[in-house]
Asker: 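One structure, pasted below without further comment.
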Protein chains: 2
Amino acid sequence: MNKRQFKDKVYGELARITKSMANPHRMEIIELLAQGEVSVEEIAAQTNLPIANASQHLQVLKQAQLVEINRQGNFIFYRLSNDNVFKAWKALRDLGVERIVAVENVVREFRKSKFDFESVTIDELVEKIESGKITILDVRPESEYKQGHIANAVSIPIEELSKRLKELPKRTEIVAYCRGPFCVYADEAVAMLVQAGFKAKRLTEGFPDWKVQGLPIEVSMN
Amino acid sequence: MNKRQFKDKVYGELARITKSMANPHRMEIIELLAQGEVSVEEIAAQTNLPIANASQHLQVLKQAQLVEINRQGNFIFYRLSNDNVFKAWKALRDLGVERIVAVENVVREFRKSKFDFESVTIDELVEKIESGKITILDVRPESEYKQGHIANAVSIPIEELSKRLKELPKRTEIVAYCRGPFCVYADEAVAMLVQAGFKAKRLTEGFPDWKVQGLPIEVSMN
DNA sequence: CATTTATTCAATATTTTTATTGAATAGACG
DNA sequence: CGTCTATTCAATAAAAATATTGAATAAATG
């Protein structure tokens with residue numbers, strides 16, 4: 001094998017992996033799987049895809065070894081193969097957030113209309129935890145919370161929040177988080193909480209970002 | 001705009017950026033540009049592409065704002081827009097190196113045949129620098145060295161190495177590096193040096209990896 | 001063993017990406 | 001101003017990715 005053939009092999013493989021991520025639906029699926037195991041049915045529902053279509057995209061990710069499966073009874077659950085998959089996804093996301101005006105504008109525009117509240121970075125949250133009383137609120141679906149959440153976070157899925165406001169403290173500051181910077185659940189939660197007189201902000205990023213930094217998490221079994 | 005439209009926009013943009021990297025030639029071009037500015041002509045030569053073809057790929061990267069241009073006389077030089085581009089590329093590379101058996105096998109197979117020498121990680125090199133005498137050898141083309149190199153590294157491009165061996169010390173250990181883990185120049189250099197009785201190893205990664213970690217670098221003007 | 005259910009496969013039409021070729025452009029330089 | 005040169009553009013053919021549909025599969029359950 002000569003140098004050129006060697007390079008073609010190497011960059012070909014790198015491109016193959018990159019291609020397997022290079023699709024809007026698959027980018028969304030990866031973010032979803034970064035929360036934990038999810039069944040095909042659920043992935044399709046969350047991403048508004050026909051099941052056959054979701055399955056097809058999952059096959060692409062599986063072929064690139066970005067995801068693994070785990071059969072549980074009648075369901076097949078998909079999960080990310082390892083941390084590096086999320087790290088690569090995150091690097092691409094950071095690149096997107098930083099570079100592409102279009103995304104920033106879209107995010108900002110969408111948020112400004114309904115949810116123009118302050119947000120808290122991971123570093124700031126770490127400080128708040130160390131230096132005072134604070135309530136951390138996980139508004140993702142319960143299955144995601146169970147599979148891993150920020151240590152000491154309380155779980156109230158966004159759909160239940162309006163009915164369960166009394167479980168939250170009026171005085172101490174609340175930081176709500178969900179799947180990541182594009183996840184709207186946290187925005188909706190903060191809007192609802194502020195409206196109801198709570199002191200609330202959202203976490204800029206999400207649970208997988210927290211976890212990948214090695215910060216303390218808890219798992220509620222499964 | 002509803003939630004689904006918002007998501008479609010966001011993940012669409014992320015996929016657009018990812019797609020712009022998702023091609024073997026463009027993966028190679030990005031690695032090359034991580035060394036510094038390079039003209040279209042040179043990019044085409046280094047990647048064995050017809051010039052029109054290289055230009056086309058560069059347009060794709062430019063549209064995604066991954067690269068910027070800088071006209072110098074008759075030539076147009078391309079460079080990465082910022083550090084995050086290399087970071088994302090690196091994350092994908094790490095994913096590839098770690099995940100895909102194919103890449104590992106190809107790399108190993110190719111190296112074993114001719115270049116089965118020990119290599120040194122960046123952390124190990126840092127230690128060696130702190131704790132003793134060591135010669136760091138940059139075997140990339142001189143233009144790349146000039147645009148940035150590991151602090152105190154000596155430049156001897158691989159093509160000149162055989163004629164310039166006398167410039168190197170026989171006693172102190174030599175660590176040769178080039179563009180990255182897939183760059184063969186460092187392997188060739190180590191092979192040549194060991195053959196000639198020097199004590200030499202290659203750096204596992206390359207200059208951009210060193211730089212992105214914030215380790216000391218030098219620039220020779222331009 | 002037959003049925004149910006979640007998932008995958010297969011076939012096809014559509015769209016997008018890529019390579020190739022030759023012409024066009026834009027700036028430098030005499 | 002005209003020429004030269006590096007780069008880009010444009011047109012086309014070929015290859016690959018994607019969406020859609022309905023059928024096939026494989027495991028669980030009665």
Side-chain angles (χ1 to χ4, degrees), chain A residues 4 7-9 11-30 32-33 37-79 143, chain B residues 4 7-9 11-30 32-33 37-79 143:
Chain A
R4 182 36 51 192
K7 284 188 178 180
D8 288 347
K9 279 262 184 195
Y11 297 114
E13 284 298 327
L14 294 187
R16 203 175 66 89
I17 294 174
T18 308
K19 273 203 174 99
S20 78
M21 291 196 173
N23 172 281
H25 301 302
R26 294 200 290 273
M27 288 302 268
E28 186 174 358
I29 289 171
I30 292 170
L32 181 58
L33 297 185
E37 290 192 350
V38 190
S39 70
V40 178
E41 196 178 44
E42 185 64 20
I43 292 167
Q46 292 276 343
T47 56
N48 287 107
L49 281 174
I51 291 196
N53 211 333
S55 173
Q56 204 171 279
H57 284 298
L58 287 166
Q59 298 316 304
V60 173
L61 294 172
K62 199 168 122 194
Q63 275 217 314
Q65 291 178 265
L66 265 52
V67 302
E68 294 171 345
I69 65 176
N70 168 23
R71 181 152 210 147
Q72 297 263 34
N74 241 335
F75 293 84
I76 291 178
F77 287 81
Y78 277 81
R79 59 161 178 264
S143 67
Chain B
R4 181 37 51 192
K7 284 187 177 181
D8 288 348
K9 279 265 184 195
Y11 297 114
E13 283 302 322
L14 294 187
R16 201 175 69 88
I17 294 174
T18 308
K19 274 203 173 98
S20 78
M21 292 196 171
N23 173 281
H25 301 301
R26 295 200 290 272
M27 288 302 270
E28 187 173 359
I29 289 172
I30 292 170
L32 182 58
L33 297 185
E37 290 191 350
V38 190
S39 71
V40 178
E41 197 178 44
E42 185 63 20
I43 291 166
Q46 292 276 345
T47 56
N48 287 110
L49 282 173
I51 291 195
N53 212 332
S55 173
Q56 204 172 278
H57 284 298
L58 288 166
Q59 298 315 305
V60 173
L61 293 172
K62 198 169 123 194
Q63 275 217 313
Q65 292 178 265
L66 264 51
V67 302
E68 294 171 346
I69 65 177
N70 168 24
R71 182 153 210 145
Q72 297 264 36
N74 241 336
F75 293 84
I76 292 178
F77 288 81
Y78 277 80
R79 60 162 176 264
S143 66

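What you see is a predicted model, and the numbers here were worked out from it, not measured in a lab. Numbered from 1 within each chain, the chains take letters A, B, ... in sequence-line order. Only heavy atoms go into these numbers, but all of them, side chains included; no hydrogens, no water, no symmetry mates.
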Asker: Report the distance from atom CD of B/Glu37 to atom C1' of D/dT7, rounded to the nearest whole Å.
Answerer: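 These atoms are roughly 16 Å apart.
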
Asker: With sugar-phosphate meaning primed atoms plus P, OP1 and OP2, does B/Phe77 contact a base, only sugar-phosphate, or nothing at under 4.0 Å between heavy atoms?
Answerer: nothing

Asker: Have a look at A/Ile76 and tell me which of A/Leu58, A/Ile69, A/Asn70 forms a side-chain contact (heavy atoms from CB on, under 4.5 Å) with it.
Answerer: A/Ile69

Asker: Can you give the first and last nucleotides of DNA chain C, 5' to 3', that have an atom under 4.0 Å from a heavy atom of chain B?
Answerer: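 For DNA chain C, the relevant span reads C/dT17 to C/dA28.
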
Asker: Applying side chain to side chain donor-acceptor pair (under 3.5 Å), name anything that partners A/Glu42, two or more places apart in sequence or on another chain.
Answerer: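 A/Glu42 satisfies side chain to side chain donor-acceptor pair (under 3.5 Å) with A/Gln46 only.
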
Asker: For DNA chain C, what residues of residues 39-56 of chain B have any heavy atom nearer than 4.0 Å?
Answerer: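 Per residue number, the list reads B/Ala52, B/Asn53, B/Gln56.
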
Asker: Measure CD1/B/Ile76 against C1'/D/dA6 and give the value in whole Å, please.
Answerer: 7 Å

Asker: On DNA chain C, check which nucleotide each of A/Lys19 and A/Gln59 is closest to and give me the residue with the more 5' one.
Answerer: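 Whichever sits nearer the 5' end wins; that is A/Gln59.
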
Asker: Kindly write out the residues that satisfy side chain to side chain donor-acceptor pair (under 3.5 Å) with A/Asn74, not counting sequence neighbours, or none if the list is empty.
Answerer: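 By the side chain to side chain donor-acceptor pair (under 3.5 Å) rule, A/Asn74 matches no residue at all.
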
Asker: Mind checking side chain to side chain donor-acceptor pair (under 3.5 Å) for A/Asp8 and listing every partner two or more places apart, or none if nothing turns up?
Answerer: A/Arg4

Asker: Which letters describe nucleotides 24-29 of chain D, given B = protein heavy atom under 4.0 Å from base, S = only from sugar-phosphate, - = neither?
Answerer: ---BS-

Asker: My understanding is that only residues two or more places apart in sequence, or in another chain, count here; which of them pass side chain to side chain donor-acceptor pair (under 3.5 Å) with B/Gln59?
Answerer: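 Here the qualifying residues are B/Tyr78.
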
Asker: Grab the two heavy atoms, one from B/Ala22 and one from A/Ala15, that are nearest each other, plus how far apart they are.
Answerer: C-CB, 4.2 Å

Asker: Holding to side-chain contact (heavy atoms from CB on, under 4.5 Å), I want the full list of residues that pass it with A/His57, two or more places apart in sequence or in another chain.
Answerer: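 A/Asn23, A/His25, A/Arg26, A/Ile29, A/Leu49, A/Asn53.
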
Asker: Please list, chain by chain and in numerical order, all residues satisfying side-chain contact (heavy atoms from CB on, under 4.5 Å) with B/Gln56, sequence neighbours excluded.
Answerer: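 Checked B/Gln56 against side-chain contact (heavy atoms from CB on, under 4.5 Å); zero matches.
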
Asker: Do the side chains of B/Val67 and B/Lys62 get nearer than 4.5 Å, heavy atoms only?
Answerer: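 Counting from C-beta outward, B/Lys62 and B/Val67 do come under 4.5 Å.
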
Asker: Partners of A/Arg71 by salt bridge (charged side-chain N to carboxylate O under 4.0 Å, His left out), sequence neighbours excluded?
Answerer: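 With neighbours one apart ignored, the set is empty.
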
